[in-house]
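Here the structure comes first, spelled out in structure tokens, and everything after it is commentary.
All values below were derived from every heavy atom in this structure, side-chain atoms included, with hydrogens, water molecules and symmetry-related copies excluded. Lettering of chains follows the sequences in order, A, B, ..., and the numbering in each one begins at 1. Since we're looking at a predicted model, the values are computed, not measured.
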Amino acid sequence: MQDYLHLEIEKKWQDIWDEKETFKAYNDYTKPKYYPLVEFPYPSGQGLHVGHPRPYTALDIVARKRRMEGYNVLYPMGWDAFGLPTENYAIKNKIHPAVVTEQNIKRFKGQLKSLGLSFDWSREINSTDPKYYKWTQWIFLKLFEKGLAYKKEMDINWCTSCKVGLANEEVVGGVCERCGGAVIKKAKSQWMLKITEYAERLINDLDDLDYIERVKTQQKNWIGRSEGMEVDFRTTSGDNLRVYTTRPDTIYGATYMVLSPEHPMLEERANLIENLDALQAYRDEARRKSDFERTELNKEKTGVEIKGIRAVNPANDEEIPIWISDYVLMSYGTGAIMAVPAHDSRDWEFAKKFELPIIEVVQGGDVQEAVYTDTDKGIMVNSDILNGLNVQEAIEKISDYLTDKGLGERKVNYKLRDWVFSRQRYWGEPIPLVNCPTCGWVALPESELPLTLPEVESYEPTDNGESPLAAMDEWIETTCPKCGGPAHRETDTMPQWAGSSWYFLRYCDPDNDDIFASMEALNYWMPVDWYNGGMEHTTLHLLYSRFWHKFLFDIGVVNTKEPYMKRTSHGMIMGENNEKMSKSRGNVVNPDDIIQEFGADTLRLYEMFIGDFEKSVPWSDNSVKGCRRFLDRIWTLQENVTDDAGYSKTLEVAMHKAIKKVSEDYENLKFNTAIATLMALLNDFKKQTAITEGEMKTFLILLNPVAPHITEELWQVLGYDNMVADQTWPAYDEAKVIDDVIEMAVQVNGKVRSTITLAIDATQVMAHELAFVDEKVLQFTEGKRVVKEIYIPGKIYNIVVK
RNA sequence: GCGGGUAUGGCGGAAUUGGCAGACGCGCUAGACUUAGGAUCUAGUGUCUUGUACGUGGGGGUUCAAGUCCCUCUACCCGCACCA
């Protein structure tokens with residue numbers, strides 16, 4: 001017997017798979033297809049992280065199993081290569097980001113190949129390749145054409161000392177990550193995409209999808225649909241202040257109003273306001289905080305009352321004060337609220353701090369002492385026409401009442417905001433628009449796509465907040481495609497989300513120069529059957545790509561209204577100390593080292609065995625060794641295989657059970673228990689003097705998706721000249737999976753006292769007879785009265801005594 | 001703070017969804033083989049005050065029966081819109 005030389009064996013089979021194009025997805029549109037997808041990685045300078053192989057191996061298992069089940073499988077891979085780290089590296093080292101990207105991709109690809117993943121590399125894509133981003137730009141132009149892209153003044157993070165715009169991630173503790181300088185918000189005209197127009201569909205269409213529940217919930221909560229009312233409050237300045245509320249029933253408890261510090265009323269009625277300076281100072285302060293900081297509850301509430309203007313509660317005509325406070329956001333609702341301190345915890349804290357009146361309108365608590373929010377079963381009080389109603393009835397009645405009086409209207413609101421699509425950066429897709437003094441914003445004609453990134457001297461953003469492209473005069477100066485007059489190019493680029501919002505479509509037809517993918521290819525391959533990715537992409541990436549896909553469906557260029565049929569999520573791999581792996585913590589494990597020492601099969605097996613696929617899990621060097629030991633023990637099986645093609649009598653049930661369990665577990669993300677089953681089966685094998693060829697073959701096929709190299713090698717050792725990858729997935733016989741005799745636990749008063757052996761279909765009478773001669777049972781029942789017997793066939797027998 | 005999730009031996013985890021808690025693996029203990037062992041093989045391994053005992057983050061409840069269902073508390077993890 002040869003030694004198990006993992007490096008040699010793994011290289012050998014990887015070369016064979018490449019040469020034979022074993023995993024190529026062929027364009028035979030008559031066969032049943034299967035399209036599993038993993039998120040394409042950002043090729044960072046650090047190389048592959050041990051976290052990457054976890055999802056890749058998981059869907060590799062599914063892909064390999066599907067091929068053996070007769071499907072034409074498309075399991076593709078590519079690079080999501082635009083992004084901030086590459087750009088920052090380029091700035092620091094004065095090297096073109098494209099060069100950095102190329103190096104990183106090369107390294108990543110080599111590492112992925114050494115894992116033996118069954119990707120179809122002939123369809124590799126790269127989001128920074130002009131041939132790819134031509135179509136990203138094309139899709140943007142379609143959005144623009146349909147009125148879904150618009151310009152709006154939005155705040156960016158601005159470092160006052162570097163004089164550059166910063167990503168949120170570059171703002172640490174309110175200061176610039178690079179220089180420690182103060183960061184303020186600076187208004188900048190930005191391209192926005194109207195994702196809010198799709199909010200309703202993005203919620204409703206989730207119903208038909210096979211997404212794991214927590215992903216659906218997160219998507220729904222992120223979109224944040226709420227039904228409520230917009231209500232107008234008159235003011236002493238003669239204006240109407242419109243608020244949004246989901247609880248119009250509590251309007252009689254509204255004892256003050258709060259406006260967002262950015263609310264336009266401050267400008268519009270500046271002449272009537274007596275304390276403008278204080279308000280302005282507060283506004284400046286709020287400007288330095290993010291929405292996230294502003295809505296933090298545990299911090300002390302702050303605010304300033306507007307002196308000189310008061311509001312009138314439309315329900316009871318009482319005059320109430322108006323405050324500004326940063327816990328009200330301009331970006332949600334109308335930027336103004338009616339505050340009901342008795343029944344909203346934020347309002348309650350604010351009222352307590354500033355000694356504003358608290359009026360109970362739903363019975364059930366002591367609102368002077370604590371906020372009362374559990375109002376579901378409460379009855380309305382102090383509310384005139386609503387008194388005595390429950391909350392639901394009150395909402396209906398007051399909504400009708402205010403609507404009839406012309407004081408408000410029912411309104412559905414979403415937390416979801418439109419997508420800020422501009423970045424003042426170099427390393428992104430140029431936005432293919434031209435600003436013409438006479439025609440306004442004009443799209444480039446399709447024939448001019450891709451609009452490629454020009455060479456620039458510096459990748460640093462300019463000190464007036466524009467992208468590095470703004471310094472390229474000869475690139476900016478152009479002519480208007482519409483009128484032919486002089487015009488300027490847009491210098492902002494797209495966010496990294498752009499390229500990843502449609503990449504799964506390109507895999508279907510990656511070399512097409514006429515369209516991003518032909519309808520023929522899309523009709524066959526789409527939708528993605530199973531998409532696995534990190535929980536951290538559950539809100540943004542998933543939502544953005546669903547939005548783009550729905551848009552493409554609306555303009556008739558894709559065939560399905562949803563891109564992904566099924567979405568699952570994997571947990572993170574932590575360092576051995578159960579902290580996030582990072583250089584600074586010194587707990588990083590390099591996959592290359594593991595492959596070198598133990599082999600790719602061991603790494604794959606380990607990452608699948610390590611724990612619940614959906615949960616995060618710490619790395620363990622010892623467990624890696626245990627997985628290698630399992631493969632070593634399999635390797636030695638080759639010495640004890642007989643010529644018998646079937647299963648032996650002693651192992652028959654175990655074989656059928658294992659096929660069933662492994663087949664099901666691979667489908668349900670339960671890779672750890674699938675492997676445990678195979679380990680148990682190997683233990684059974686080891687108890688025999690020899691196993692049959694049939695048993696060995698089945699075992700190798702079942703293990704192949706997890707450990708493809710060693711299983712192919714052992715297959716060859718058995719004397720076959722084809723591959724495991726060419727085999728048919730084994731079937732099991734349901735009749736042979738069930739034991740006909742079982743051990744049943746016998747409980748007395750709910751505690752297990754003994755077990756009895758009986759037929760699977762035995763009756764209670766038979767169980768009774770066996771149990772009441774059992775010494776251990778009698779010990780607990782003797783001299784006592786049997787009150788009740790619970791017999792669940794095949795499960796348990798419980799005797800209740802007194 | 002808001003939204004989502006998690007908690008089981010020394011460690012990673014399993015438990016047919018209300019029916020024998022701890023499968024499988026690691027670690028540990030003992031033994032075998034060995035010049036040697038961080039190799040391999042065999043056996044054992046939840047805890048303790050060793051019994052009508054206790055035990056699935058803490059407290060309470062429902063049930064013949066609870067890791068699983070209900071109430072409540074705590075701790076940790078992910079996301080929060082310019083990281084990807």
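- Of all nucleotides present, only B:A75 satisfies the Watson-Crick or G-U wobble test against B:U6, with each distance under 3.5 Å.
- Searching all strands for a Watson-Crick or G-U wobble partner of B:G37 with both distances below 3.5 Å returns nothing.
- In the interface, the side chain of A:Asn798 is paired with the base of B:C64 through a donor and an acceptor atom under 3.5 Å apart.
- The pair A:Glu349-A:Lys353 does not meet the salt-bridge criterion, since no charged nitrogen lies less than 4.0 angstrom from a carboxylate oxygen.
- Within 4.0 Å (heavy atoms only), A:Thr539 reaches sugar-phosphate atoms of the nucleic acid but no base atom.
- Heavy atoms of A:Phe780 sit under 4.0 angstrom from primed sugar atoms or phosphate atoms, though from no base atom.
- Residues A:Phe421 and A:Phe140 bring their aromatic ring centres within 6.0 Å.
- As judged by a 4.0 angstrom heavy-atom cut-off over every strand, A:Met572 is placed among residues touching the sugar-phosphate backbone only.
- Nucleic acid contact class of A:His537 (heavy atoms, under 4.0 Å, all strands): base.
- A:Ile156 comes within 4.0 angstrom of a base, heavy atoms only.
- No contact: A:Glu39 has no heavy atom under 4.0 Å from any strand.
- For A:Asn672 and B:A14, the shortest distance from a side-chain N or O to OP1 or OP2 is below 4.0 Å.
- Regarding contacts with the backbone of B:C64, every side-chain N or O of A:Lys751 stays at 4.0 angstrom or more from both OP1 and OP2.
- Among the atoms of the strands shown, only primed sugar atoms or phosphate atoms (P, OP1, OP2) are found under 4.0 Å from some heavy atom of A:Leu84.
- The shortest distance between the side-chain N/O atoms of A:Arg633 and the OP1/OP2 oxygens of B:C41 is below 4.0 Å.
- Between A:Arg417 and B:A81 there is no side-chain N or O to OP1 or OP2 distance below 4.0 Å.
- Here A:Glu743 lies in heavy-atom contact (under 4.0 Å) with a base.
- No option in A:Val737, A:Leu681, A:Thr677, A:Ile738 other than A:Val737 meets the side chain to side chain contact (heavy atoms under 4.5 Å, CB included) test with A:Lys657.
- As judged by a 4.0 angstrom heavy-atom cut-off over every strand, A:Gln219 is placed among residues making no nucleic acid contact.
- A donor and an acceptor atom, one from each side chain of A:Asn157 and A:Asn168, are located under 3.5 Å apart.
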